[in-house]
Amino acid sequence: MTNPTAAALIARSNRLGAEPKNTNYAGGNTSAKGTDIDPVTGRPVELLWVKGSGGDLGTLTEQGLAVLRLDRMRALVDVYPGIDREDEMVAAFDYCLHGKGGAAPSIDTAMHGLVDAAHVDHLHPDSGIAIATAADGEQLTATIFGERVAWVPWRRPGFQLGLDIAEIKKANPQAVGCILGGHGITAWGDTSEEAESNSLWIIETAASYIAQHGAAEPFGGRRPGFEALPETERRERAAALAPTIRSIASQDKPMIGHFTDADVVLDFLAAEKAPALAALGTSCPDHFLRTKVKPLILDLPATASLEEQLVRLRELHAEYRADYQAYYDAHATADSPAIRGADPLIVLVPGVGMFSYGANKQTARVAGEFYVNAINVMRGAEALSTYSPISDAEKFNIEYWALEEAKLQRMPKPKSHQGRIAFVTGAASGIGKAIATRLAAEGACVVVADLDLEKAQAAAAELGSTDVAIGVAANVADADAVQAALNEAVLAFGGVDLVVNNAGLSLSKPLLETTEKDWDLQHDVMAKGSFLVSKAAAKVLIDQRLGGDIIYISSKNSVFAGPNNIAYSATKADQAHQVRLLAVELGEHGVRVNGINPDGVVRGSGIFASGWGANRAATYGVAEEDLGQFYANRTILKREVVPENVADAVYVLTGPELTRTTGLHIPVDSGVAAAFLR
């Protein structure tokens, strides 16, 4: 049973974390002090419950709390070796833990344990950080809050900051909290309700003061030509830019992207002060750890041509990398971790929007959310004063902090397809759905493309949130529909790395009964459809400069001459030769093109369920329910082929083991000798 004090802390944390104005995702931490029974002595013991490292307040559970013996935690003051060695104190927290399980204590644990208050909140609200990053933040704090809120000059999070805040609270008994210069806010209370109330009062008082006393145009006037493009034109331009921008963000390692054209971003980018403010970078540690020291901002108007923007973005990327290397070289010491990459995580395009990047979709999306927080902070600071973030030297000390490096090293090893974006056609059912499911399980972001949008979205929802998969409508026989589907993919995830041409249908008829309409329908969907998808996707793959994979789900029938199957088998042969042709053409771009030849996939197959199964069963003189076993019995292995077997082949062809393989067709048919490739 959860201790009542811990339960109240979790509830308070969830309320605070559910409101973006209070704190950003995974930002800030909360704590509560109380008693519980020590199972060793059977006596009450004073404990500190505090949100653990890396957790999120809005979704905090009991497992996300670190629980420490308060007496032992506070006794660390007696062995504190000083600010030059304060990093050692984080390891010392492990010797203060109470019981097993729970989260690892964060760097802010000292703040919560040493402050003489039963309940403490440390948050990163935009309004509070605006005051914290204003050039005259100390004076503003006194003006806005009087004696109820104290000012704490910037200090890197850690044990010394905890000592500082504890001393400030002691010296200011009338205070309910403090503004941490360059960082955020901390509030406290004797009860959980009082701490929450004090936190909200600081946040709302700061926001109200900015609204009432701030300048009407804190970012200056509009820059002609830099205003937002009309929505349709804006999103088309974003989709056209996205592959190149992803290549910029992924020169050191592949990244997943996120795009937003929210008004707050577009308004900022149209303003006179945007370039200078963006160059100053963010200030709150949570912000710049997610967004890097500063963004890359395109210095051309929205009215510039696509070609001009693409050329300029690559020029700016070279400058950005050189600048970041200089930043690293200027502040690194012999003990600093190696540079983690010099590519931007935030790319800003006036009139279009913001592209943000991360190792996975959630990280990319959250990075964008953090930069929106940063824009709000800059607006508030400029409205009252001048935005003055912490120095690059201080940013570097946190970005390349040994403790931050240790946190990164503790992250789980990425799955085989993490960082890859898959576009699978005909993926709402059958083989396509099995492929989408397998790729998502291996860490890929998946675009479920299907003729039926509702079914595509339902299939995507089964795979997880929109950070994992989205469903899009895709009539593969229509070039415009294919382009629209791929545009949705690149705007959702940043680009495309892995394309599976799976959409198909079949009509089983002998030659004399096969109509021209039958022939055209099957060739439009499979031969023409695969061509259109591959053509549109190849443009993205080439612009990304990351290589990639195109997989064709062809068929055993592409090489096997079966009865009553002229249209289907002919179009499958067309697909099979497209594999060879595109493997040759796209190889210079690092794009591998391979095919899979399944046979007899009856269970779960949309094609077989649509009448094809009944026709083939009649052709072979067996009951439809026995068709799967009939196909199995005629194979060498005598084993039925199911959609998951085809998905396994896609996984192998696109995984890390066959990186030197292209132009190959893999049979997934349990062994049909007549279809052996010669």
Side-chain angles (χ1 to χ4, degrees), residues 20 25 226-250 254-270 274 278 290-292 295-298 300 302 304 306 309-310 312-314 316-317 343-375 419-423 444-447 449 460 465-472 483-497 536-537 539-541 543-546:
Y25 175 82
F226 287 77
E227 299 92 344
L229 295 170
E231 182 177 6
T232 299
E233 183 182 351
R234 184 168 74 235
R235 295 187 72 82
E236 287 178 354
R237 178 61 62 92
L241 290 169
T244 294
I245 295 179
R246 186 175 180 224
S247 76
I248 285 171
S250 301
M255 290 286 188
I256 299 295
H258 176 75
F259 171 74
T260 181
D261 55 355
D263 289 345
V264 62
V265 174
L266 295 171
D267 290 346
F268 173 67
L269 294 178
R290 299 275 190 162
T291 65
K292 221 152 195 171
L296 185 157
I297 180 169
L298 181 62
L300 293 179
L306 173 63
Q309 290 184 335
L310 292 173
R312 185 57 180 152
L313 280 166
R314 292 211 177 276
L316 290 171
H317 181 219
D343 298 321
L345 294 179
I346 303 292
V347 178
L348 303 170
V349 180
V352 177
M354 172 172 61
F355 300 81
S356 55
Y357 295 89
N360 52 53
K361 172 63 178 186
Q362 183 195 54
T363 304
R365 174 176 54 77
V366 170
E369 292 172 1
F370 273 69
Y371 200 77
V372 168
N373 290 133
I375 292 172
R420 306 202 74 196
I421 303 154
F423 184 89
C445 295
V446 178
V447 180
S465 72
T466 52
D467 286 341
V468 176
I470 63 166
V472 301
Q483 188 61 58
L486 278 164
N487 284 354
E488 286 191 64
V490 300
L491 291 181
F493 296 118
V496 171
D497 302 298
K539 177 68 166 61
V540 176
L541 294 170
D543 288 348
Q544 286 177 157
R545 302 183 180 182
L546 296 173

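Asp261 and Arg237 are not joined by a salt bridge, as no carboxylate oxygen comes within less than 4.0 angstrom of a charged side-chain nitrogen.
In this structure, CD on Glu231 lies 11.0 Å from CD on Glu236, to the nearest 0.5 angstrom. The distance from the CG atom of Asn487 to the CZ atom of Arg235 is 9.5 Å, given to the nearest 0.5 Å. Atom CG of residue Leu310 and atom CG of residue Asp543 lie 7.5 Å apart, to the nearest 0.5 angstrom. Taking CZ of Arg545 as the start and OG1 of Thr244 as the end, the distance is 7.0 Å to the nearest 0.5 Å. Atom CD of residue Glu488 and atom CZ of residue Phe493 lie 11.0 Å apart, to the nearest 0.5 angstrom.
Looking at Val349 and Leu269, their side chains never come closer than 4.5 Å, going by heavy atoms from C-beta outward. Looking at Tyr357 and Ile245, their side chains come closer than 4.5 Å, going by heavy atoms from C-beta outward. Within the 4.5 Å cutoff, no side-chain heavy atoms of Thr260 are placed close to those of Phe355. Counting only heavy atoms from C-beta outward, the side chains of Met255 and Leu345 approach each other to under 4.5 Å. Side chains of Ile256 and Ile421 form a contact here, defined as non-hydrogen atoms less than 4.5 Å apart. With contacts defined as side-chain heavy-atom distances shorter than 4.5 Å, the pair Gln309/Leu298 qualifies. With contacts defined as side-chain heavy-atom distances shorter than 4.5 Å, the pair Ile375/Val265 qualifies. Here the side chains of Val490 and Phe259 are not in contact, with every heavy-atom distance at 4.5 Å or above.
Arg290 pairs by the salt bridge (charged side-chain N to carboxylate O under 4.0 Å, His left out) definition with nothing, not counting sequence neighbours. Here Arg314 pairs with nothing under the salt bridge (charged side-chain N to carboxylate O under 4.0 Å, His left out) rule; sequence neighbours left out. Under the rule for a salt bridge (charged side-chain N to carboxylate O under 4.0 Å, His left out), the partners of Arg365 that lie at least two apart in sequence or sit in another chain are Glu369, Asp467.
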**Message:** Could you go through Leu546 and Arg246, starting from their C-alpha distance and side-chain angles, then the distance that decides it, and tell me whether this counts as side-chain contact (heavy atoms from CB on, under 4.5 Å)?
**Reply:** CA-CA 9 Å; Leu546 296 173; Arg246 186 175 180 224; 3.9 Å; yes
**Item:** side-chain contact (heavy atoms from CB on, under 4.5 Å) between Leu266 and Arg234, intermediate numbers included
**Value:** CA-CA 11 Å; Leu266 295 171; Arg234 184 168 74 235; 3.8 Å; yes
**Request:** Apply the test side-chain contact (heavy atoms from CB on, under 4.5 Å) to residues Val540 and Gln544: give CA-CA distance (whole Å), side-chain angles for both, the deciding distance (0.1 Å), then the verdict.
**Result:** CA-CA 6 Å; Val540 176; Gln544 286 177 157; 3.6 Å; yes
**Prompt:** Hey, mind stepping through Leu313 and Leu241 against side-chain contact (heavy atoms from CB on, under 4.5 Å) and telling me if it holds?
**Reply:** CA-CA 9 Å; Leu313 280 166; Leu241 290 169; 4.0 Å; yes
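Of all non-hydrogen atoms in Ala274 and Phe268, the two that sit nearest each other are CB-O, 3.0 Å. Of all heavy-atom pairs between Glu227 and Ala270, the closest is CA-CB, 4.0 Å. Asp497 and Gly419 get closest at one heavy-atom pair: OD2-O, 3.6 Å. Across all their heavy atoms, Ala489 and Val496 have their closest contact at CB-CG2, 4.0 Å. In plain terms, the two heavy atoms of Ser356 and Ala364 that are nearest each other are OG-O, 2.7 Å. Of all heavy-atom pairs spanning Phe226 and Leu300, the tightest one is CE2-O, 3.4 Å.
The backbone N or O of Ala469 lies less than 3.5 Å from no partner atom in the side chain of Lys361, so there is not a single donor-acceptor pair.
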